[in-house]
Amino acid sequence: MIGYNKFTLKNGLRVIHHHDESTPIAAFNILYDVGARDEDPNKTGFAHLFEHLMFGGSVNIENFDTPLQLAGGTSNAFTSNDITNYYSTLPKQNLETAFWLDSDRLHQLAFTPKSLEVQRSVVIEEFKQRYLNQPYGDVWLLLRPLAYKTHPYQWATIGKEIKHIEDATMEDVKAFFYKHYGPQNAILCVAGDIELEEVKSLSEKWFGNIDSRTKYERNLPREPKQNEFRELTVERDVPNDAIYMAFHMPARNHKDYYTADLISDILSRGQSSRLFKEYVMENPKFSDVHAYVSGSMEEGLFVFSGNPSDGVTLEEAQEIFWEVIERIQTELVSERELEKVKNKVESSMVFGEMSVLNKAMSLCFYELMGDADLINQEANKYLSVTREDLMRVAKEMFTKENCSVLNYKSKRN
């Protein structure tokens with residue numbers, strides 16, 4: 001059970017406090033309710049660009065990292081299709097440094113041509129290195145628009161194309177900032193051996209005078225129910241063929257999300273999982289094989305992926321996946337197999353909660369989902385899944401008309 005306190009400033013900033021006496025390190029995590037799904041379809045990659053721009057300095061602080069490092073701290077951030085998350089860890093006695101730095105960049109980010117050009121170049125280089133020039137790097141640039149035709153999940157966090165970042169103007173950047181970056185669109189969590197009153201005092205001191213901005217109301221188009229089998233075949237200069245099969249699945253806050261996630265664990269978590277044991281170890285049809293969920297806030301994807309072994313065609317690989325699917329749709333999973341994956345989920349949660357930073361991140365995320373207390377309910381939602389639930393959700397989810405297949409062929413074959 002993770003204890004916490006919550007309060008909200010007059011400008012709308014939600015603040016969560018978690019007291020942890022076990023560590024001298026304090027975690028400072030601030031989540032902004034903006035991700036790639038909130039971008040203009042003709043100006044994508046902005047959420048990720050902003051993750052970089054936020055480290056480019058504010059009006060009063062030229063370099064974000066230098067004062068933090070002098071205070072013995074470190075910082076980083078990540079962007080997804082749903083959120084942008086910034087975090088710092090530092091000795092608890094220097095916690096105010098984190099408040100000072102993050103409040104200043106929220107209040108007065110330095111919109112300088114130099115910062116924009118530097119970060120633009122960094123993002124463009126990342127696009128090239130990670131997505132265009134890396135083997136299998138463009139998989140999600142292909143798979144997302146295959147599976148999504150309406151919802152903005154159809155583009156990856158990096159964006160649709162480099163040109164959108166190349167063409168970003170200072171006016172575009174400022175408009176995105178003032179639309180999405182405001183105290184009313186943020187959740188802050190401070191975790192560590194810090195008293196609640198100190199967190200209240202520092203929050204009011206550093207964030208209380210930042211004006212609330214117009215609340216962005218998310219109104220995204222819903223993805224229509226997929227009613228056709230989709231298949232795309234591409235050829236690339238990669239070492240081996242690969243196959244990706246994506247099925248639409250329930251949103252992160254849907255009760256069946258936990259069932260779908262457990263199905264992915266039964267199929268692919270660890271060396272005793274079905275796919276690895278049967279098709280890598282015993283009957284090696286794949287050199288590498290996985291099943292996983294995207295974990296998206298809105299309706300996400302359940303993905304099978306694999307590199308077929310030499311002599312196994314992509315058609316045969318797809319047929320194996322359908323056989324695996326049919327089995328979980330028609331045969332009840334054994335009590336022992338279900339219990340095993342539930343134990344793994346529960347233990348990974350326990351270990352994850354040992355880190356003060358992980359707790360701070362999770363409390364922010366669950367607050368965004370509706371209530372920070374969901375962090376204490378998560379394990380029971382997995383534990384309550386039945387064998388019959390697994391079969392029901394597998395039947396609902398794994399249908400031919402709900403499937404999008406990317407055949408990724410190696411030119412060497």
Side-chain angles (χ1 to χ4, degrees), residues 1-33 51 53-78 83-110 181-212 352-368 372-373 375:
M1 192 78 172
I2 294 178
Y4 61 90
N5 301 287
K6 290 196 299 187
F7 59 93
T8 304
L9 301 186
K10 288 181 181 178
N11 56 19
L13 177 68
R14 286 179 274 175
V15 184
I16 304 169
H17 161 259
H18 168 68
H19 191 221
D20 183 348
E21 298 178 347
S22 68
T23 173
I25 297 296
F28 182 99
N29 190 85
I30 187 161
L31 180 154
Y32 290 94
D33 185 11
E51 177 200 319
L53 284 170
M54 287 285 277
F55 289 96
S58 60
V59 170
N60 300 309
I61 305 157
E62 188 173 327
N63 187 305
F64 182 90
D65 287 325
T66 301
L68 191 67
Q69 289 166 357
L70 289 172
T74 61
S75 69
N76 214 327
F78 63 85
I83 64 170
T84 310
N85 193 80
Y86 301 85
Y87 56 94
S88 303
T89 55
L90 69 173
K92 66 178 184 179
Q93 62 268 29
N94 295 337
L95 175 63
E96 190 164 7
T97 301
F99 273 93
W100 165 55
L101 289 168
D102 257 289
S103 64
D104 202 67
R105 64 179 175 181
L106 174 60
H107 188 41
Q108 306 178 90
L109 191 66
Y181 279 78
Q184 76 293 337
N185 209 40
I187 302 169
L188 167 65
C189 181
V190 178
D193 192 8
I194 309 292
E195 296 302 325
L196 173 62
E197 290 309 312
E198 182 180 358
V199 173
K200 283 184 175 180
S201 174
L202 290 172
S203 298
E204 195 61 58
K205 176 181 177 180
W206 291 104
F207 285 94
N209 65 345
I210 301 175
D211 291 337
S212 179
E353 289 168 2
M354 292 175 71
S355 160
V356 70
L357 177 58
N358 284 357
K359 284 185 281 190
M361 284 184 182
S362 294
L363 283 163
C364 285
F365 179 75
Y366 289 116
E367 179 66 19
L368 181 66
D373 197 56
I375 194 171

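Contact check for W206 versus D104: no side-chain heavy atoms found under the 4.5 Å cut-off. The shortest side-chain heavy-atom distance between K205 and E96 falls under the 4.5 Å cut-off. Contact annotation: the side chain of I210 approaches that of S103 to within less than 4.5 Å [non-hydrogen atoms, C-beta and beyond]. Annotation: side chain of T84 is not in contact with side chain of L31 (no heavy-atom distance under 4.5 Å). Looking at heavy atoms from C-beta onward, P183 lies out of side-chain contact with F207 at the 4.5 angstrom threshold. Taking the side chain as every heavy atom from C-beta outward, L196 and H19 never approach each other to under 4.5 Å. With contacts defined as side-chain heavy-atom distances shorter than 4.5 Å, the pair Y32/Y86 qualifies. Side-chain atoms of F64 and S58, non-hydrogen and from C-beta on, never get closer than 4.5 Å to each other.
Remark: aromatic rings of Y87 and F28 are distant, center separation not under 6.0 Å.
Although no hydrogens or angles enter the test, the distance criterion places a donor-acceptor pair under 3.5 Å between the side chain of H17 and the main chain of I194. Between the N94 side chain and the T97 main chain, no donor and acceptor come within less than 3.5 Å of each other. For H18 (side chain) and G3 (main-chain N/O), a donor-acceptor pair under 3.5 Å exists by modelled atom type. When atom types are taken as modelled, the side chain of N185 and the backbone of D33 share a donor-acceptor pair closer than 3.5 angstrom. The backbone N or O of G12 sits nowhere less than 3.5 Å from a side-chain atom of Q184 that would complete a donor-acceptor pair. The main-chain N or O of M54 is found under 3.5 Å from a side-chain atom of R105 such that the two form a donor-acceptor pair. Side chain of S201 to main chain of E197: no donor-acceptor pair is present (N/O by atom type, distance under 3.5 Å, no hydrogens or angles).
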Yes or no on side-chain contact (heavy atoms from CB on, under 4.5 Å) for M361 and N85, after CA distance, side-chain angles and deciding distance? CA-CA 8 Å; M361 284 184 182; N85 193 80; 4.0 Å; yes
Between F7 and L13, does the side-chain contact (heavy atoms from CB on, under 4.5 Å) criterion hold? Intermediate values first, please. CA-CA 9 Å; F7 59 93; L13 177 68; over 6 Å; no
Show, in sequence, the C-alpha distance, side-chain angles and deciding distance for D20 and S22, and conclude whether the side-chain hydrogen bond (donor to acceptor under 3.5 Å, both in side chains) test is met. CA-CA 6 Å; D20 183 348; S22 68; 2.5 Å; yes
I would like to know whether L68 and T66 meet side-chain contact (heavy atoms from CB on, under 4.5 Å); could you show each step before the answer? CA-CA 5 Å; L68 191 67; T66 301; over 6 Å; no
Determine, stepwise, if the pair S75 / F55 fulfils side-chain contact (heavy atoms from CB on, under 4.5 Å). CA-CA 10 Å; S75 69; F55 289 96; 3.5 Å; yes
When you look at N11 and D211, which way does the side-chain hydrogen bond (donor to acceptor under 3.5 Å, both in side chains) test go after all the steps? CA-CA 6 Å; N11 56 19; D211 291 337; over 6 Å; no
List the steps and the verdict of side-chain hydrogen bond (donor to acceptor under 3.5 Å, both in side chains) for T23 and D193. CA-CA 7 Å; T23 173; D193 192 8; over 6 Å; no
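How far CG of N358 is from CD1 of I2: 9.5 Å, rounded to the nearest 0.5 Å. Between C364 atom SG and K359 atom NZ the span is 14.0 Å, to the nearest 0.5 Å. We find the OG1-NZ distance between T8 and K10 to be 13.0 Å, quoted to the nearest 0.5 Å. Summarising the geometry, atom CG belonging to L202 is positioned 13.0 Å from atom NZ belonging to K200; distances are rounded to the nearest 0.5 Å. Atom CZ of F365 sits about 12.0 Å away from atom CG of N29, to the nearest 0.5 Å. Of the inter-residue distances, the one linking S203 atom OG with R14 atom CZ reads 14.0 Å to the nearest 0.5 angstrom.
Nearest heavy atom pair, residue V356 against residue G192, reads CG2-N, 3.8 Å. Residue E367 comes nearest to A372 through the heavy atom pair OE1-N, 2.9 Å, listed as atom of the first residue, atom of the second, then distance. Taking both residues in full, the closest heavy atoms of L109 and V59 are given as O-CG2, 4.3 Å, listed atom of the first, atom of the second, then distance. Listed here is the closest heavy atom pair of A71 and P91: O-CD, 3.3 Å. Listed here is the closest heavy atom pair of L363 and I16: O-CD1, 3.5 Å. Heavy-atom minimum distance, L90 versus G73: CB-CA, 3.7 Å.
Heavy atoms from other residues, nucleotides or ligands lying under 6.0 Å from CD of E62 number 12 at most.
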